[in-house]
Amino acid sequence: MTGRGFRIGSGLVAAGVILGGAEIVAAFISPDATPFQAVGAWVIDHTPDGLREWAIDTFGTNDKLVLFVLMGVVAVLLAAVAGLIERPKRPAGSVLFGILGLLSAVAAVTRPHATWNWLFPSILGAWAGIMVLRTLIDRIADLEDVSAAAGGTGAAGGSGAGAGSSGPADHDLDAGAAGDSATSPGTAAVQRDATGGRTARTASTDDVALERRLVVRGIAVAAVAGIGAGIAGRVLEVRSRSVAGERAEVVLPTPKGVPVAVDPAADLKLPGLTPYLTPNSDFYRIDTALTVPQLSRENWSLRIHGMVDREIRLSWADLDARTPVERLVTLACVSNPVGGDLIGNAQWLGYRLDELIAEAGPHPDADMVLSRSVDGFTAGSPLAALTDGRDALLAVGMNGEPLPTAHGYPARLVVPGLYGYVSATKWVTELEITRFDRAQAYWTKRGWSAEGPIKTGTRIDTPRGGTRAPGVVTVAGVAWAQHRGIRGVEVRVDNGEWQPARLAAEPSIDTWRQWAFDWQAEPGVHTLWARATDGTGETQTADRRDVIPDGASGYPSVTIRVNA
């Protein structure tokens, strides 16, 4: 390996020590205080809307994984640069690491739910990494001086590169070693004077080999230390904070009234058609949390305050004393493009929000509920949508089991008729009764619409495109207009007339509705279109608009080639 390669390796392992050390420290503070988490959250908060929506549209629910990969690539590049520019008496790489550590510490401590000790993981991690980098670069400089001496210049009288030099001669170590066969064994090539400078002396191939082994050993030890610290920190964090074991022991309460039973006629069970109920494992997840918050029932509470007659705080034990209800509700993300899959339908178990809010006594002039998550995310919902009699819930169960941690365990909000960014707060801990002219939520601060009612929409699930043989082709999909219901769905082939599709049963106006249409396919290339009409008689618009600022609109379509 050349001197450049050793320097790059030193930068990489030093960066590994920074990240691993930060993981260890964060295990005792908060997993969100690590450099990757803090900087990643900052990136999410400051990503332009257009770029964010492109990422969601392109990568879907894998958007956070892609962000971590990109951050990893950037980290590797910066670490390599730090190793290349670091010198014993010119610590430019250390300065780079220090600046990055400071920036990530600031990013951590300025998170909405951060405390002052969130500074420590990034700062202590950066300090450890800098110490490693300085030590390794110093050792590499010694190796370079030994290599230069063994190459002949040092043995010739000390006038060559590295003789009496206080800095390294940046030689290719392999080239230096190549000349070692002409050099007789001698004493150690490098000694340090009183000021810490280097004085080159006669060197041999054994000296070069020894110094090389010391460099390789140092890099290997640092790499093992960084990886080990990272793994240990992650294990400590999982063991101390994971609520998986607690969740597995939760027994959901029995809902009042007749338990929800999905009408078999609600699911057409056609090949390629999305099932009426979305399995928890397939339910979309779009949120700002880079790691799933781990909130136990013991530490959870819901505070209702603000413009109310009395502030109340509900613990999990308080919920146990109440009787929940079970409802079918379809949730949709405002980032769902026309024909997209950021939408899902589930059976929710929870407590009516109108009853909880009524206990606090909201003031007559209040018009907004600002909900807060344990990780600091906020959503602003119209107070009327939570208290007008619709099945707005503080949900604790999903499809017959406790909420999955990724979907809000132990409690979240579910509000029919509103996009998730203004209503579906996961890991919810706070409801502030306020006004839209006094407060702004996370996404409305970034230019999105304040109230977010869901638009009437539909999607073609099958066929997906491609080639088909002539004959009957079943076109099918789902349509939604939460809290208004679906009255009808129509399909058009090319520029022909709109034709009605058959509809599945509709157990609730708050869920999507399946539909199907039998198309007599004829040879050629054809485009199929679909549109839905909601329960009020309003048909979805053909006006094609992007998701920003209040949801996408337009007709979904699919192009099919029918063989002759």
Side-chain angles (χ1 to χ4, degrees), residues 52-53 56-57 60-61 63 266 273-280 282-288 327-348 371 377 379-382 385-386 390-393 395 398-399 406-408 412-426 441-444 448-461 477-486 489 506-515 530-536 538 540-541 544-556:
R52 172 184 174 273
E53 295 310 316
I56 292 175
D57 189 36
T61 55
D63 57 338
L273 177 60
T274 300
Y276 177 73
L277 286 178
T278 307
N280 291 351
D282 295 336
F283 210 93
Y284 77 94
R285 179 200 165 198
I286 298 292
D287 53 53
T288 62
R327 297 292 186 266
L328 296 166
V329 179
T330 293
L331 298 184
C333 181
V334 71
S335 296
N336 196 36
V338 173
D341 60 0
L342 300 181
I343 183 170
N345 185 46
Q347 185 171 309
W348 306 93
S371 54
F377 173 81
S381 310
L386 275 61
R390 74 182 71 188
D391 293 320
L393 303 176
M398 181 179 182
N399 287 332
H407 292 289
R412 65 169 297 164
L413 300 188
V414 171
V415 183
L418 299 180
Y419 285 117
Y421 81 104
V422 298
S423 67
T425 304
K426 294 183 281 192
Y442 182 92
W443 287 116
T444 52
W448 290 73
S449 174
E451 299 193 4
I454 290 177
K455 298 177 180 179
T456 301
T458 188
R459 183 180 74 201
I460 300 173
D461 285 347
V478 291
W480 57 88
Q482 289 92 310
H483 206 54
R484 302 185 302 280
I486 291 295
V489 174
E506 186 177 49
S508 169
I509 63 170
D510 291 333
T511 69
W512 59 21
R513 193 171 189 180
Q514 293 183 347
W515 56 267
R531 69 180 184 183
T533 299
D534 69 20
T536 70
E538 182 176 350
Q540 73 178 95
T541 179
R544 189 89 176 191
R545 293 192 179 183
D546 194 12
V547 298
I548 302 172
D550 59 359
S553 65
Y555 298 156

Go through it in stages, so that I can follow the logic: the residues are Leu393 and Leu413, the test is side chain to side chain contact (heavy atoms under 4.5 Å, CB included), and I'd like the CA-CA distance, side-chain angles, deciding distance and then a yes or no. CA-CA 6 Å; Leu393 303 176; Leu413 300 188; over 6 Å; no

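Under the 3.5 Å distance criterion, the side-chain polar atoms of Thr278 are left unmatched by any main-chain donor or acceptor of Ala346. At least one donor-acceptor pair closer than 3.5 Å links the side chain of Asn345 to the backbone N or O of Tyr276. With hydrogens and angles disregarded, a donor-acceptor distance shorter than 3.5 Å links the side chain of Ser371 to the backbone of Ala379. Of the possible polar contacts, none joining the Arg513 side chain to the Val478 backbone as a donor-acceptor pair under 3.5 Å is found. Without hydrogens or angle criteria, Asn399 side chain to Gln347 main chain gives a donor-acceptor distance under 3.5 Å.
For the pair Asp461/Trp515, no side-chain contact is recorded, criterion being any heavy-atom separation below 4.5 Å from C-beta on. Contact of the Val547 side chain with the Asn336 side chain is not registered, since no non-hydrogen atoms from C-beta on lie closer than 4.5 Å. In this structure the side chain of Trp480 reaches within 4.5 angstrom of the side chain of Ile454, judged on heavy atoms. A 4.5 Å side-chain heavy-atom check between Ile548 and Ser335 finds every atom pair outside the cut-off. Side-chain atoms of Arg412 and Thr425, non-hydrogen and from C-beta on, never get closer than 4.5 Å to each other. Under the 4.5 Å side-chain criterion, counting only non-hydrogen atoms from C-beta, Phe283 is in contact with Met398. Here the side chains of Val489 and Arg531 are not in contact, with every heavy-atom distance at 4.5 Å or above. A 4.5 Å side-chain heavy-atom check between Tyr284 and Asp341 finds every atom pair outside the cut-off.
For Tyr555, the ring-ring contact (aromatic ring centres under 6.0 Å, His included) partners are Trp498, not counting sequence neighbours. Applying the salt bridge (Lys or Arg N to Asp or Glu O under 4.0 Å) test to Asp550 and every residue at least two apart in sequence or in another chain returns Lys455.
For the residue pair Gln482 / Thr330, no side-chain donor-acceptor distance below 3.5 Å is found, with atom types taken as modelled. Under 3.5 Å, the side chains of Thr444 and Tyr421 contain no donor-acceptor pair of N or O atoms. Looking only at atom types and distance, the side chain of Arg459 has a donor-acceptor partner in the side chain of Thr274 under 3.5 Å away.
Residues Ser553 and Val338 share a closest heavy-atom pair of O-CG2, 3.3 Å. Considering all non-hydrogen atoms of both residues, Ala450 and Val422 come closest at O-CG1, 3.6 Å. When all heavy atoms are compared, the tightest approach of Gly457 to Ala532 is O-CB, 4.0 Å. The shortest heavy-atom contact between Pro382 and Leu418 is CD-CD1, 3.8 Å. Residues Pro507 and Ala266 approach most closely at CG-CB, 3.5 Å, considering heavy atoms. Shortest non-hydrogen contact noted between Gly380 and Ala441 is N-CB, 3.3 Å.
Distance check, rounded to the nearest 0.5 Å: CG of Leu331 to CD1 of Ile343 gives 8.5 Å. Here Ser508 contributes atom OG and Asp391 contributes atom CG; the two are 7.0 Å apart, rounded to the nearest 0.5 Å. Asp287 contributes atom CG, which lies 9.0 Å from atom NE2 of His407 (distance to the nearest 0.5 angstrom). A distance of 9.0 Å separates CZ of Arg390 from CD1 of Ile509, quoted to the nearest 0.5 Å. In this structure, CD in Gln540 is found 6.0 Å from OG1 in Thr458, a value given to the nearest 0.5 Å. Going from atom CH2 of Trp448 over to atom OH of Tyr442 covers 12.0 Å, rounded to the nearest 0.5 Å.
Both cation-pi conditions hold for Arg52 and Trp443: the charged atom is under 6.0 angstrom from the six-membered ring centre and inside a 45 degree cone around its axis.
The side chain to side chain donor-acceptor pair (under 3.5 Å) test with Arg484 singles out one residue from Thr536, Thr533, Thr456, Asp510, and that residue is Thr456.
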